[in-house]
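Here's the structure we're looking at; comments come further down.
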Amino acid sequence: MSWSLPEGTAASGVSFGSFGELLQGALPDGEDFLVTLPIERHAVAHFYRSDESETLEVCPRWKTKSQRLAQSLLRKYGESGGGQLFLASEIPCGKGLSSSSADLVATARAIEAHLGFELPVDELCRSLSEVEPTDGVMFSESVAYFHVKGALLERLGFLPQVEVLSLDEGGQIETLEYHRRGAAHYSLEEKRRFREMLDRIRRGFQRGDLHAVGEVSTTSAYVNQRFNRKKYLDLMHAVCEQTGGAGLITTHSGTCLGILYDRTEADHAARCERAQAELRPYGQVEVYTALKAPMRPPSTLDWSSFDRT
């Protein structure tokens, strides 16, 4: 059931999503990590404090992860009483686009606005990881992030020229269930390879070389096939090569595959349209744009069309 905001003043927060991961794996020391690609799709949270109730209600009611996070942060900073937390999002759920992580980060930002200060970033990361393994969408740029323990590995920068042509193979995957299965197990040799891939993607960001980033991302997509198989991966790869894409990107724990394009190239629109026509028979096709700059304030975001159910 959809909701409407009550009267009164809300403390608000916003987050964006990430199109899966440019790279996901584990390092030789055993730490699981991923590399984000922030996209221009958002989640917003509005928190109304109440002294009349000890209960914190959340709307929609099923977003209990955000409810738990808000309760935990309020208790930690000595806030008594309850309130209402309202969440809306334009990020599809269960697709690997960081919808859950974005809800949590938007919630944390709303609680920060209520408290009147920003949480230390390491504390924020840990708080989110206590709810579930969380993508690094508290950082506007692409980052290498330890998503299980909740810690930043390194900031990599922006890829503002990127568009992702996405093919959704259908269905949904729930983040906690995916990690509960212990889906990804890597050999020591694979972990050494992931370290080398991380070095390569770092250099690609430093040079602004989307094709170098895309090579790593394509390899990561193929490695992930034995954990979360995408039936159209080879098709996407062929379309990518035929239309001059820079590489593939996958939602390692989701249902979407993407082709990375440089939208500043002169013939980009025609190539992207050709790719869309090739892929439409196989699933839901959509275009996502990479985040170009740090997050805007919630007040500047038109969220009237966001899903509130």
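Note that these values count all heavy atoms, side chains included, but never hydrogens, waters or copies made by symmetry. Worth saying up front: this structure is predicted, and the values here are computed from it rather than measured.
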- E31 and L153: side-chain contact (heavy atoms from CB on, under 4.5 Å), yes or no, with the steps? CA-CA 10 Å; E31 292 283 5; L153 175 54; over 6 Å; no
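- Note that the CG atom of N224 and the NE2 atom of H252 stand 4.5 Å from one another [nearest 0.5 Å].
- The only member of R280, E273, E278 that meets side chain to side chain donor-acceptor pair (under 3.5 Å) when paired with Q276 is R280.
- Residue F158 is not grouped with residue L210 when hydrophobic side chains (ILVMFWY) are merged at heavy-atom distances under 4.5 angstrom, including chains of intermediate members.
- For the pair K292 (side chain) and Q161 (backbone), a donor-acceptor distance under 3.5 Å is absent.
- A donor-acceptor contact shorter than 3.5 Å links the side chain of T134 to the backbone of E132.
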- Task: List the steps, then state whether side-chain contact (heavy atoms from CB on, under 4.5 Å) holds for L37 with Y288.
- Result: CA-CA 11 Å; L37 180 64; Y288 296 91; over 6 Å; no
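- Here E286 pairs with R41 in a salt bridge; the nearest charged N to carboxylate O distance falls below 4.0 Å.
- Using a 4.5 Å heavy-atom threshold, the side chains of V121 and L152 count as separate.
- Without hydrogens or angle criteria, E141 side chain to R155 main chain gives no donor-acceptor distance under 3.5 Å.
- Side-chain contact check for S72 and E130: no donor-acceptor pair (N or O, by modelled atom type) lies under 3.5 Å.
- A salt bridge does not link R192 with E196: none of the charged nitrogens is closer than 4.0 Å to a carboxylate oxygen.
- Shortest non-hydrogen contact noted between S127 and L73 is OG-CD2, 3.9 Å.
- Pairing each heavy atom of L27 with each of K191, the nearest pair is O-CD, 3.4 Å.
- With hydrogens and angles ignored, the 3.5 Å screen pairs a side-chain donor or acceptor of N228 with a backbone N or O of G254.
- Connection of I201 to Y186 is established within a shared hydrophobic cluster, with ILVMFWY side chains joined at heavy-atom distances below 4.5 Å, either directly or through further cluster members.
- No more than 12 heavy atoms of other residues, nucleotides or ligands lie within 6.0 Å of CZ in R193, so this atom counts as exposed by the packing criterion.
- Looking at heavy atoms from C-beta onward, F33 lies in side-chain contact with L198 at the 4.5 angstrom threshold.
- Taking a cutoff of 4.0 Å between a charged side-chain nitrogen and a carboxylate oxygen, E169 and K230 do not qualify as a salt bridge.
- Clustering of Ile, Leu, Val, Met, Phe, Trp and Tyr by side-chain heavy atoms under 4.5 Å joins Y222 with L165, L167, Y232, L233, L235, M236, V239, L248, L257, I259, Y261, L279, Y282, V285, V287.
- For the residue pair T250 and C256, the shortest heavy atom distance occurs at OG1-O, 3.7 Å.
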Show me the side-chain donor-acceptor pairs of residues 102-114 shorter than 3.5 Å, one per line, residues at least two apart or across chains.
from : atom 1 : to   : atom 2 : distance (Å)
D103 : OD2    : K63  : NZ     : 3.0
T107 : OG1    : S66  : OG     : 3.4
T107 : OG1    : D103 : O      : 2.8
R109 : NH1    : E112 : OE1    : 3.2
R109 : NH1    : E112 : OE2    : 3.3
R109 : NH2    : M138 : O      : 3.2
E112 : OE2    : L119 : N      : 2.8
H114 : NE2    : E79  : OE1    : 3.0

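- Nearest heavy-atom pair, T255 versus G94, reported as atom, atom and distance to 0.1 Å: CG2-O, 3.8 Å.
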- Task: For the pair E21 and H147, evaluate side-chain hydrogen bond (donor to acceptor under 3.5 Å, both in side chains) and give the outcome as yes or no after the intermediate values.
- Result: CA-CA 11 Å; E21 300 81 21; H147 54 289; over 6 Å; no
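- Shown here are the ring pair (Phe, Tyr, Trp, His ring centres under 6.0 Å) partners of F146, two or more places apart in sequence or in another chain: there are none.
- Of all heavy-atom pairs spanning P92 and K95, the tightest one is CB-CG, 3.7 Å.
- Side chains of E215 and T219 form no contact here, defined as non-hydrogen atoms less than 4.5 Å apart.
- Between L260 and L159 the shortest side-chain heavy-atom distance does not fall below 4.5 Å.
- Judged by distance alone, with hydrogens and angles left aside, the side-chain atoms of S18 form no donor-acceptor pair with the main-chain N or O of L97 at under 3.5 Å.
- Checking side-chain atoms of T251 against main-chain N and O of S253 turns up no donor-acceptor pair under 3.5 Å.
- R202 and Q206 are not linked by any side-chain donor-acceptor pair at a separation below 3.5 angstrom, with hydrogens and angles left out of the test.
- Of the possible donor and acceptor atoms, one in the side chain of S50 sits under 3.5 Å from a partner among the backbone N and O of E52.
- Applying the ring-ring contact (aromatic ring centres under 6.0 Å, His included) test to residues at least two apart or on different chains, the pairs with a partner in residues 52-78 are Y77-F117.
- Considering CG of D262 and SG of C272, their distance stands at 12.0 Å, rounded to 0.5 Å.
- When only modelled atom types and interatomic distance are considered, S98 and D135 share a side-chain donor-acceptor pair under 3.5 Å.
- Within 6.0 Å of atom CD in E118, 12 or fewer heavy atoms from other residues, nucleotides or ligands are found, so the atom counts as exposed in its surroundings.
- The minimum heavy-atom distance between D32 and A26, with the atom names listed, is OD1-CB, 3.6 Å.
- For the pair S220 (side chain) and Q24 (backbone), a donor-acceptor distance under 3.5 Å is present.
- Between L22 and V216 there is no side-chain heavy-atom pair separated by less than 4.5 Å.
- Here the straight-line distance linking atom OG of S129 with atom CG of L124 works out to 9.5 Å at 0.5 Å rounding.
- Going from atom CD of Q71 over to atom OG1 of T55 covers 8.5 Å, rounded to the nearest 0.5 Å.
- F139 meets the ring pair (Phe, Tyr, Trp, His ring centres under 6.0 Å) test with no other residue; sequence neighbours excluded.
- Summarising the geometry, atom CZ belonging to R226 is positioned 9.5 Å from atom NE2 belonging to H185; distances are rounded to the nearest 0.5 Å.
- Inter-residue side-chain proximity for T264 and H268 is flagged as unmet; no heavy-atom pair is nearer than 4.5 Å.
- A donor-acceptor pair under 3.5 Å links the side-chain atoms of S89 to the main chain of I91, judged by distance alone.
- A distance-only check finds a donor-acceptor pair linking the side chain of E90 to the backbone of H42 [under 3.5 Å].
- Residue pairs meeting the ring-ring contact (aromatic ring centres under 6.0 Å, His included) criterion with at least one member in residues 118-137, sequence neighbours excluded, do not occur.
- When side chains are defined from C-beta on, Q84 does not count as touching C59, because their heavy atoms never get closer than 4.5 Å.
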